[in-house]
K.L.:
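I have a structure I would like to understand better, so I am pasting it below and will then ask my questions one at a time.
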Amino acid sequence: MPQTEIQRRLGLPHPIIQGPFGGGLSTVALAAAVSNAGGLGSYGAHILEPDEIAPLVEALRAATDGSIALNLWVSDHDPGGDDFGAEAFDAVWPLFAPFFAEYGIDRPEPPNRYHPRYADQVEALLEARPDVFSFVFGIPDPAVLAACRQRGIQTLGAATTLAEAEALDAAGVDLILATGSEAGGHRPAFLEPAENNLIGTLPLTRQIASRLRRPVIAAGGIADRSGIEAALTLGAGAAQLGTAFLACNESGTHDAHRDILFSDRARHTALTRTYTGRLARGIPNRVMAEMDKRAGQLPPFPVQAWFLGHLKRAALAAGDEDFASLYAGQGAPLLKHRTVADLMSDLTLPSPQPALA
Ligand SMILES: Cc1cc2nc3c(=O)[nH]c(=O)nc-3n(C[C@H](O)[C@H](O)[C@H](O)COP(=O)(O)O)c2cc1C
């Protein structure tokens, strides 16, 4: 198969990108293993403090000679999520108090900030110079995109609709990710509420590839070699896989989540604002049921994520997954591999040659 433009630009032997994972689920070991196997390893850095970014890129550089992508969330709060004061905290606390009590956790003090500032993170990223700056939930401002161009950092922005892809294209973003609603994790819409557009990977990839000149990457529900070949047939220059890499031992998730990804429970996923306040896909469990009941009352991102973080840690420490965020995409029932080496070698097997007549 001939090399795609994306492979050429990023020096990739294979048209495969490991999707970044936020929330502490990325690891250096995972990203490096993917890059060392000829794909693009990514690290989701949106919850890192700015001063953690340079040492992270150093650690990635030490672990691989391949290209690496660093990922940030361009918008770091939803309306009301940046100035969530004591009164607002008091108003939502009763929603969480019974579950905190179940795990014996005291009422926490509100933090000074619920999320690091994107504006500071991106400055640190520019200094650290990863090969690729991938981002979701918006478009970096022109000065940041210009600084990336000047430093030779390729930019990779996510679109959930053709209109978002056109906006990324007009801003001069180098590579466009077509994120179908099959994808695990968040639906990173930025022009309209995420619920308004749940277009799938197949039509979205094809629309963007046929309308724009920028190289396109397909993401959402792709978990095996046939899926990657389908993405390339649609005009994508690479496929980004998340759930299939999350299931590998090298990722930062916990074993209970991995086991559920490989079980029949993963045949059903749902979209919910439970985990963070932003729409995301995962496998239904108790926390999704409890929070979905309270949907209209939940605090905005990133406050919801902060409350859920306490419950998730306590639940996992107690040995149950009732309050864990079981992120998963619709491709989960296709999963077979538990290590990056096994997954990458299966994804990159040469296609069978047509039999000679
Ligand atoms: C647990 C989890 C966390 C994710 N976090 C991020 C993130 O921080 N930034 C991002 O750009 N994409 C994130 N994604 C999306 C993935 O990088 C990828 O695009 C998506 O998982 C592809 O769909 P798939 O899971 O069906 O393969 C996340 C996905 C999952 C499953």
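We count ligands from 1, going down the list as the structure has it; atoms in each ligand are counted the same way.
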K.L.:
Using heavy-atom distances, let me know which of Arg187, Gln240, Glu182, Gln18 sits nearest atom 18 (C) of ligand 1.
P.N.:
Gln240
K.L.:
Counting heavy atoms only, which of Ala183, Gly185, Gly184, Ala239 comes nearest to atom 15 (C) of ligand 1?
P.N.:
Gly184
K.L.:
Side chains of Thr64 and Asn36: donor-acceptor distance under 3.5 Å anywhere?
P.N.:
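Yes, Asn36 and Thr64 have a side-chain donor paired with an acceptor closer than 3.5 Å.
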K.L.:
Is any N or O atom of His46, backbone or side chain, closer than 3.5 Å to an N or O atom of ligand 1?
P.N.:
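Between His46 and ligand 1 (N or O atoms, distance only) the closest approach is not under 3.5 Å.
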K.L.:
Which of parallel (below 30°), tilted (30 to 60°) and perpendicular (above 60°) describes His186 and Trp73?
P.N.:
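Ring orientation, 0 to 90° scale: perpendicular.
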K.L.:
Please write down residue, atom name and distance for the protein heavy atom closest to atom 26 (O) of ligand 1.
P.N.:
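It is Gly221 N, 2.8 Å.
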K.L.:
Can you measure from OG1 (Thr272) to CZ (Arg281) and round to the nearest 0.5 angstrom?
P.N.:
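Answer rounded to 0.5 Å: 11.0 Å.
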K.L.:
One residue to check: Leu25. Relative to ligand 1, which of side chain, backbone, both or neither has a non-hydrogen atom less than 4.0 Å away?
P.N.:
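Side chain only.
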K.L.:
Could you give me the CA-CA distance, side-chain angles and deciding distance for Arg265 and Glu321, then say whether salt bridge (Lys or Arg N to Asp or Glu O under 4.0 Å) is met?
P.N.:
CA-CA 13 Å; Arg265 279 180 67 184; Glu321 46 79 17; 3.0 Å; yes
K.L.:
Taking only non-hydrogen atoms of Ala158, do any sit less than 4.0 angstrom from ligand 1?
P.N.:
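For ligand 1, residue contact (heavy atoms, under 4.0 Å) with Ala158 is absent.
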K.L.:
Any idea how Phe100 and His310 line up, ring-wise: parallel (<30°), tilted (30 to 60°), or perpendicular (>60°)?
P.N.:
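Tilted: the ring planes of Phe100 and His310 meet at 30° to 60°.
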K.L.:
Looking at Ser75 and Phe301, what are the two nearest heavy atoms and their distance?
P.N.:
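Minimum heavy-atom separation between Ser75 and Phe301: O-CE2, 4.3 Å.
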K.L.:
Would you find a donor on one side and an acceptor on the other, under 3.5 Å apart, between the side chain of Arg151 and the backbone of Leu126?
P.N.:
yes
K.L.:
Does Thr179 come within less than 4.0 angstrom of ligand 1, counting non-hydrogen atoms of the residue?
P.N.:
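No, Thr179 has no heavy atoms under 4.0 Å from ligand 1.
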K.L.:
Hey, can you tell me if Phe99 and Phe323 have their rings parallel, tilted or perpendicular (30° and 60° cut-offs)?
P.N.:
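Tilted, since the angle between the ring planes falls between 30° and 60°.
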K.L.:
What I want to know is whether Trp73 and ligand 1 share at least one N or O pair that is separated by under 3.5 angstrom.
P.N.:
yes
K.L.:
If you round to the nearest 0.5 Å, how far is CD of Gln121 from CD of Glu123?
P.N.:
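Answer for the CD-CD pair, Glu123 versus Gln121, is 11.5 Å.
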K.L.:
List the closest protein heavy-atom neighbour of atom 11 (O) of ligand 1: residue, atom name, distance to the nearest 0.1 Å.
P.N.:
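Sorting protein heavy atoms by distance from atom 11 (O) of ligand 1 puts Asn71 ND2, 2.9 Å first.
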K.L.:
Any atoms of ligand 1 less than 4.0 Å from a non-hydrogen atom of Leu241? List them with their elements.
P.N.:
27 (O)
K.L.:
Any N or O on Thr243 sitting closer than 3.5 Å to an N or O of ligand 1?
P.N.:
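Such a contact does occur with ligand 1.
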K.L.:
Could you tell me, atom by atom, which parts of ligand 1 come under 4.0 Å of a heavy atom of Gly220?
P.N.:
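Atoms satisfying the 4.0 Å criterion: 22 (C), 23 (O), 26 (O).
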K.L.:
So for ligand 1, is Tyr327 a polar contact partner (N or O within less than 3.5 Å, distance only)?
P.N.:
no
K.L.:
Which option, Gly23, Pro20, Gly242, Gly22, owns the non-hydrogen atom nearest atom 28 (C) of ligand 1?
P.N.:
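Comparing heavy atoms across Gly23, Pro20, Gly242, Gly22, the nearest one to atom 28 (C) of ligand 1 lies in Pro20.
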K.L.:
How close does the nearest protein non-hydrogen atom get to atom 2 (C) of ligand 1, and which residue and atom is it?
P.N.:
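It is Phe21 CD2, 3.5 Å.
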K.L.:
Under the ring-ring contact (aromatic ring centres under 6.0 Å, His included) criterion, do Phe135 and Phe133 qualify, and how do the steps go?
P.N.:
CA-CA 7 Å; Phe135 51 85; Phe133 169 27; 5.2 Å; yes
K.L.:
Could you tell me which atoms of ligand 1, counted from 1 in the order shown, lie closer than 4.0 angstrom to a heavy atom of Ile222?
P.N.:
27 (O)
